[in-house]
*Asks:* 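First the structure, which I've put down as structure tokens, then a few questions once you've had a look.
In what follows, chains carry the letters A, B, and so on, assigned in the order in which the sequence lines appear, proteins first and then strands, with residues in each chain numbered from 1. Keep in mind that what you see is a predicted model, and the values were worked out from it rather than measured.
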Amino acid sequence: MDIYKYLRKEKLPHIWCPGCGHGTILNSFVRAFDKSGLNQDKTVVISGIGCSGRATGYLNFDSLHTTHGRAIAFATGVKMANPELNVIVMTGDGDGAAIGGNHLIHAARRNIDLTVILFNNQIYGMTGGQFSPMTPEGANATTAPYGNIDRNFDLCQLTKAAGATFTARGATFNPRQLTNIIKKALLHKGFSFVESFTQCPVRYGKLNQTADPVDMLKLQKQKTADIKKWLQFSDEEKEIIYPLGVLNEEINPENEYTFRYQKIIEKTLEKGVL
Amino acid sequence: MARSDKVQIENPDWCKKCGICVSVCPTDALKLGDKGIEIYNLDSCISCEQCSLICPDFVLKVVVNYD
Ligand SMILES: Cc1ncc(C[n+]2csc(CCOP(=O)(O)OP(=O)(O)O)c2C)c(N)n1
């Protein structure tokens, strides 16, 4: 597999810190894209602001690097204008779950055919380590020097409840599984949401005594389990361990937003409104 | 001619020396040098691809080798 044809080699090496997991997600993404068989020239990747937002700059696709939190809004516009395109959003936990949280739930509610990959490093990396809605309770951030008291979202459950027809979670310690998940998400017709845990050794790690990326990957492994195993866990274990894998998939292409919108266009044409 | 796929350092200049590849290699084929990642023992490489799949910097590639 030639993964380099999907990368803007002249833009590499990227700006991400040594050991940052964002590059692993990008690595899994290009492999997943290759395996999906989708057309590179019929694909648009769109990101917001943050370290995660830089992802689109390294990808050899048509791309949009948009404003903070608004990647899904831009993506909705692109998809509505040309439903033939594969539209992929790359976002962070701050970009996608804080400032852009509303766009996330409403795109899920509409079940519009986007693939959203959320890089969850549990912190605002780019701006120096403020807590996000995904910073674990008790963890330190520059804005929570005595430990974060906020509770988190479970983003997979949130998007599922809002209407997403595909939700999955991966982690950078297991890139084989992550690649597989992203491939399935790309091929799903409807709103697909993939959360990936990714280590941030420099911002999150240094504030939380885990500045070694290898240690952070080990911690990821300890705090997660494959969904098949997870389902056998006790309620107490389920509280502290995150399930990985495809968590929900509902196949009904006729329930997809641009499909339903096309029906309205046809109806109005029939009636001679347009 | 036996075929054995082996790891190759495709883009040495992109390595940031994070050491993740060394930690996931099951056969100690890689080591961190002063300038970046180096092959430590190519014979031991079993082409599992763990290193190239996890490398955040697109440095490593597993290529087909004929010997
Ligand atoms: C409207 C607006 N508000 C705030 C900022 C500052 N800002 C830039 S990146 C960022 C947070 C990014 O965090 P996250 O989405 O988790 O991405 P990461 O950098 O961790 O990958 C913030 C608050 C901005 N650029 N624009």
*Asks:* Say you draw a straight line from CG of A:L7 to CZ of B:F58; how long is it, rounded to the nearest 0.5 Å?
*Replies:* 4.5 Å
*Asks:* Which of the residues A:P201, A:P213, A:G23 is involved in the greatest number of heavy-atom pairs with chain B at under 4.5 angstrom?
*Replies:*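 Most heavy-atom pairs under 4.5 Å with chain B: A:G23.
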*Asks:* Please tabulate, one pair per line, the N or O donor-acceptor pairs under 3.5 Å between chain B and chain A.
*Replies:*
| from | atom 1 | to | atom 2 | distance (Å) |
| --- | --- | --- | --- | --- |
| B:N11 | ND2 | A:Y4 | OH | 3.3 |
| B:K16 | NZ | A:H14 | O | 2.8 |
| B:K16 | NZ | A:H14 | ND1 | 2.8 |
| B:K16 | NZ | A:W16 | O | 2.6 |
| B:C48 | O | A:R176 | NH2 | 2.4 |
| B:S52 | O | A:N27 | ND2 | 2.8 |
| B:S52 | O | A:R31 | NH2 | 3.3 |
| B:L53 | O | A:N27 | ND2 | 3.3 |
| B:I54 | O | A:T24 | OG1 | 2.7 |
| B:C55 | O | A:N27 | ND2 | 3.0 |
| B:P56 | O | A:H14 | NE2 | 2.8 |
| B:D57 | OD1 | A:H14 | NE2 | 3.1 |
| B:F58 | O | A:Y4 | OH | 3.0 |

*Asks:* Shorter than 4.5 Å, heavy atoms on both sides: which option in A:L178, A:L26, A:V30 has the most such pairs with chain B?
*Replies:*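 Top count of heavy-atom pairs under 4.5 Å with chain B: A:L26.
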*Asks:* What is the minimum heavy-atom distance between B:C18 and A:P18, and which atoms define it?
*Replies:* CB-C, 4.0 Å
*Asks:* Does any heavy atom of chain B fall under 4.5 Å from the side chain of A:I25, the backbone, both, or neither of them?
*Replies:*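 Neither part, no heavy atoms under 4.5 Å.
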*Asks:* Among the options B:V22, B:V24, B:I54, B:I20, pick out the one with the most heavy-atom pairs lying under 4.5 Å from chain A.
*Replies:* B:I54
*Asks:* Need one label for A:L217: side chain, backbone, both or neither, based on atoms under 4.5 Å from any heavy atom in chain B.
*Replies:*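 Answer is side chain: those atoms of A:L217 sit under 4.5 Å from chain B.
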